[in-house]
Participant: 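There's a structure below that I have some questions on.
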Amino acid sequence: MTFRRKLLAVFSLTVFLSVAAVAWLVSVMTRRAFDKADNDRTAALVTQFQREFERQGAEVVHRVEAVAASDAVTRMATMLNRTSTDSSGYFELAKSLADGYQLDFLEFVDARGNIISSAQWSAKFGYPETAFENLSSSDKQPAFLKQEELQDSTALGLFAVHASHVGDRPIYVIGGRRLDKNFLSGLVSPSDSRALLYQNRGDRFSSDLLVDTSSGNTPTPGMRPADKLAPIIQAVRQHNQEMAAVIHWSGDQADDELFHAVPLRGNGSDRPLLGILLVGNSRRSYVELKRYIRDTALAVGGGGIVLAIFLSGWAAARVTRRVEQLASAAQEVTAGNWHARVEASGGDEIAQLAESFNRMTAELLNQKERLVQAERVAAWRELARRLAHELKNPLFPLQLTVENLLRARQDSNQFDEVFRESARTLLAEIANLKGIIGRFSEFSKMPQPQLQNVQVNDILRAVAHLFQAQLHAPGRPPIASHLDLDDELGTIAADPELLHRALSNLVLNAMDAMPDGGALTLRSRREDGKIIIEVADTGSGLTPEECERIFTPYYTSKQHGTGLGLAIVQSVVSDHSGRIGVQSQPGRGTKFIIELPRNPDTLRSVPAPSEVSQSNDWT
């Protein structure tokens with residue numbers, strides 16, 4: 001990435017992170033402010049509901065007391081205290097008094113708990129009133145919630161009990177008002193809030209039991225189905241405590257409402273859950289504000305990025321031009337142009353850097369000439385040293401052989417025998433000299449690979465077959481061989497003869513590392529579009545220093561090695577655009593790993609695979 005693009009990235013990232021941080025902070029603060037406002041509005045609406053509950057409860061108590069003190073009830077109580085009086089004559093009295101005193105529910109119950117008259121269900125006449133454990137204890141108590149059984153349904157109401165004490169047997173007046181749309185309408189709520197009442201009846205949620213001021217006694221299905229309120233109502237019924245949840249009415253978040261569900265309990269020792277007050281607060285204003293913040297942040301961020309582009313362009317024109325010149329000159333030096341120079345103008349740090357660069361290139365030219373000369377001298381010295389070392393070993397036996405011939409010449413009796421033995425020695429050492437010269441010549445002119453389609457597994461099998469006899473040779477500990485080949489390896493573009501020789505050299509090194517026997521493993525596999533070849537042994541292993549230098553020409557740890565075998569293997573792998581590495585620890589064996597590319601483009605232009613040579617010319 002160029003310096004100009006880095007400036008652009010830095011400016012853009014700075015603007016983006018700044019705008020994103022501000023937008024996130026504003027969103028968090030806005031959400032907290034709206035949550036606090038929702039909680040405050042809910043608390044205010046619940047408090048208002050409690051006040052309205054207490055106000056209407058006091059009114060219900062007042063109306064029930066008025067009914068109990070009315071002349072009609074007093075006459076009824078007086079007549080019923082007579083033992084011979086029949087109560088059936090007061091069958092319609094409760095209904096007429098309920099209409100007169102504006103009560104939705106009204107019943108008269110005698111001292112034994114039997115219903116004398118019922119305004120909401122006339123057929124209950126004569127039946128016992130089972131909703132109260134003890135009517136006398138409810139007398140003159142504050143208003144309470146009660147679920148009233150009607151002829152075809154139930155209703156939730158606010159009730160009060162008052163006794164008319166005329167004679168020895170009191171008459172109990174039970175009256176109340178229904179908690180319905182009219183009751184909820186008395187709650188003055190903000191425009192984006194509303195109150196709903198659910199009558200807790202039955203084990204399952206029913207939309208018929210939900211009272212909504214916006215749609216009558218039950219909510220209208222359609223855009224806002226009441227069934228979406230079922231989870232929060234079920235949660236209140238299960239845990240019997242206040243709950244809060246966001247209700248998603250549609251795919252638009254602006255239609256969401258945050259509902260607080262407040263349980264309403266009845267009177268009695270167990271205080272049953274009779275109803276649930278649902279206070280909903282619309283989240284439209286919050287969602288619209290959040291969208292406005294997001295759109296503003298995107299607009300500001302986009303404008304900031306555009307501004308960053310212009311700023312980075314201006315900065316690049318004023319600051320990076322000379323830096324780019326320095327980078328271009330450095331690339332020329334890397335490409336081999338040691339005469340590259342940079343114009344040094346001004347007195348700032350970049351001008352000083354340009355002057356230093358010019359001095360550096362001039363010094364590099366001088367050092368390059370000296371280094372070339374030194375490398376040439378060192379190369380010739382190293383070659384001479386290696387040749388002298390290799391040639392010294394066979395020259396000493398040659399000298400001894402000639403001296404033996406001279407001494408044998410003086411003794412004519414043994415001359416023929418000594419001559420024959422010396423001739424064999426001379427020929428063997430001359431052959432050794434020719435081999436040394438041949439190996440040096442071979443390393444100096446490695447042939448270029450002749451690529452063709454090659455099955456790597458076939459080469460590995462051929463190498464394993466070639467050394468099978470030597471692995472189990474008589475007189476030496478056996479070496480077990482294992483082939484772990486990937487059958488779906490496919491073909492690669494390679495020179496089969498060079499690859500065969502390289503693998504043979506690695507196998508010979510592995511055998512030399514296991515004089516006491518062991519295991520040799522040849523493995524092939526695929527990895528990330530490459531072919532992996534492994535040659536592993538369980539021999540003596542290598543030290544970290546030996547692993548670093550093992551591919552260096554002329555480096556060897558063997559007594560009679562030339563140090564060229566692994567250097568030639570590395571040259572073959574490199575000519576195939578591959579890599580070779582070694583993994584080893586002393587006493588734990590050695591593993592050579594070869595990575596070869598599949599070269600799919602090359603495969604289309606090379607001939608079909610031919611039979612792999614099983615010869616072994618390298619040692």
Side-chain angles (χ1 to χ4, degrees), residues 53-180 182-183 265-272 274-275:
F53 185 89
E54 293 174 357
R55 185 189 68 79
Q56 294 206 25
E59 185 176 349
V60 169
V61 170
H62 176 72
R63 292 178 185 273
V64 171
E65 290 177 350
V67 171
S70 65
D71 294 338
V73 174
T74 302
R75 286 194 300 270
M76 180 183 64
T78 302
M79 295 301 293
L80 291 178
N81 269 278
R82 299 176 183 177
T83 56
S84 61
T85 302
D86 186 8
S87 62
S88 61
Y90 305 101
F91 180 76
E92 297 290 340
L93 181 61
K95 186 173 183 180
S96 62
L97 289 178
D99 295 336
Y101 286 89
Q102 298 180 355
L103 291 173
D104 298 319
F105 309 105
L106 184 61
E107 288 182 343
F108 299 131
V109 181
D110 61 17
R112 292 176 297 178
N114 295 323
I115 298 175
I116 301 172
S117 179
S118 175
Q120 60 270 19
W121 193 357
S122 301
K124 292 175 67 176
F125 167 77
Y127 284 89
E129 176 59 73
T130 58
F132 296 90
E133 298 176 358
N134 190 353
L135 281 172
S136 60
S137 62
S138 301
D139 184 19
K140 297 182 181 180
Q141 294 294 321
F144 55 88
L145 281 178
K146 177 178 175 293
Q147 197 170 64
E148 181 66 17
E149 293 289 340
L150 302 179
Q151 187 171 358
D152 55 353
S153 63
T154 61
L156 185 62
L158 192 58
F159 285 81
V161 178
H162 194 76
S164 176
H165 295 278
V166 177
D168 297 333
R169 292 177 293 178
I171 299 298
Y172 293 98
V173 179
I174 305 173
R177 298 188 65 179
R178 187 190 301 266
L179 266 67
D180 54 7
N182 295 328
F183 179 85
R265 299 178 178 86
N267 198 15
S269 58
D270 56 348
R271 301 201 64 192
L274 301 181

Participant: How far does OH of Tyr90 sit from CG of Asp110, to the nearest 0.5 angstrom?
Facilitator: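 Going from the OH atom of Tyr90 to the CG atom of Asp110 covers 12.5 Å.
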Participant: Between Arg265 (side chain only) and Arg271 (backbone N and O only), is there a donor and an acceptor less than 3.5 Å apart?
Facilitator: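 No, Arg265 side chain to Arg271 backbone: no donor-acceptor pair under 3.5 Å.
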Participant: Any chance you could measure Leu150, atom CG, to Arg178, atom CZ, to the nearest 0.5 Å?
Facilitator: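 Between Leu150 CG and Arg178 CZ, I get 6.0 Å after rounding to 0.5 Å.
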Participant: Any side-chain heavy-atom pair from Val166 and Ile171 closer than 4.5 angstrom?
Facilitator: no
Participant: Keeping Glu107 on the side-chain end and Ser117 on the backbone end, is there a donor-acceptor pair under 3.5 Å?
Facilitator: no
Participant: Can you see which heavy atom on Ala163 is nearest to which on Pro170, and at what distance?
Facilitator: CB-CB, 4.4 Å
Participant: Just by distance, do the side chain of Asp168 and the backbone of Asn81 share a donor-acceptor pair under 3.5 Å?
Facilitator: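 Checked: no pair found.
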Participant: Please report the shortest heavy-atom distance between Ile115 and Ser118, naming the atom on each side.
Facilitator: CG2-CB, 4.2 Å
Participant: Which value, rounded to the nearest 0.5 Å, describes the distance between Ile116 atom CD1 and Glu129 atom CD?
Facilitator: 12.0 Å
Participant: Does atom NE2 of His165 have more than 12 heavy-atom neighbours from other groups under 6.0 Å away?
Facilitator: yes
Participant: How long is the straight-line distance from OG of Ser70 back to OH of Tyr101, given to the nearest 0.5 Å?
Facilitator: 4.5 Å
Participant: Which word best sums up how the rings of Phe105 and Phe159 line up, parallel for under 30°, tilted for 30 to 60°, or perpendicular for over 60°?
Facilitator: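 Rings of Phe105 and Phe159: parallel, as their planes differ by under 30°.
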Participant: Any side-chain heavy atom of Glu148 within less than 4.5 Å of one from Asp104?
Facilitator: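 Heavy-atom side-chain distance check fails, nothing below 4.5 Å.
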Participant: If I take atom CD1 from residue Ile174 and atom CZ from residue Phe108, how far apart are they, to the nearest 0.5 angstrom?
Facilitator: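 The distance works out to 10.5 Å.
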Participant: Taking all atoms of both residues into account, what is the closest heavy-atom pair of Leu179 and Leu145, and its distance?
Facilitator: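 Result for this residue pair: CD2-CD2, 3.6 Å.
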Participant: Please examine the side chains of Lys124 and Gln151, heavy atoms only from C-beta on, and report whether any two atoms are closer than 4.5 Å.
Facilitator: no
Participant: How far apart are the closest heavy atoms of Ala72 and Leu93, and which atoms are they?
Facilitator: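 Where Ala72 meets Leu93 most closely, the heavy atoms are CB-CD1, 4.0 Å.
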Participant: Roughly how far, to the nearest 0.5 Å, is the CG atom of Leu106 from the CG atom of Leu97?
Facilitator: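 One finds 6.5 Å between CG of Leu97 and CG of Leu106.
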Participant: Which one of Glu54, Gln102, Arg177 satisfies the side chain to side chain contact (heavy atoms under 4.5 Å, CB included) criterion with Glu59?
Facilitator: Arg177
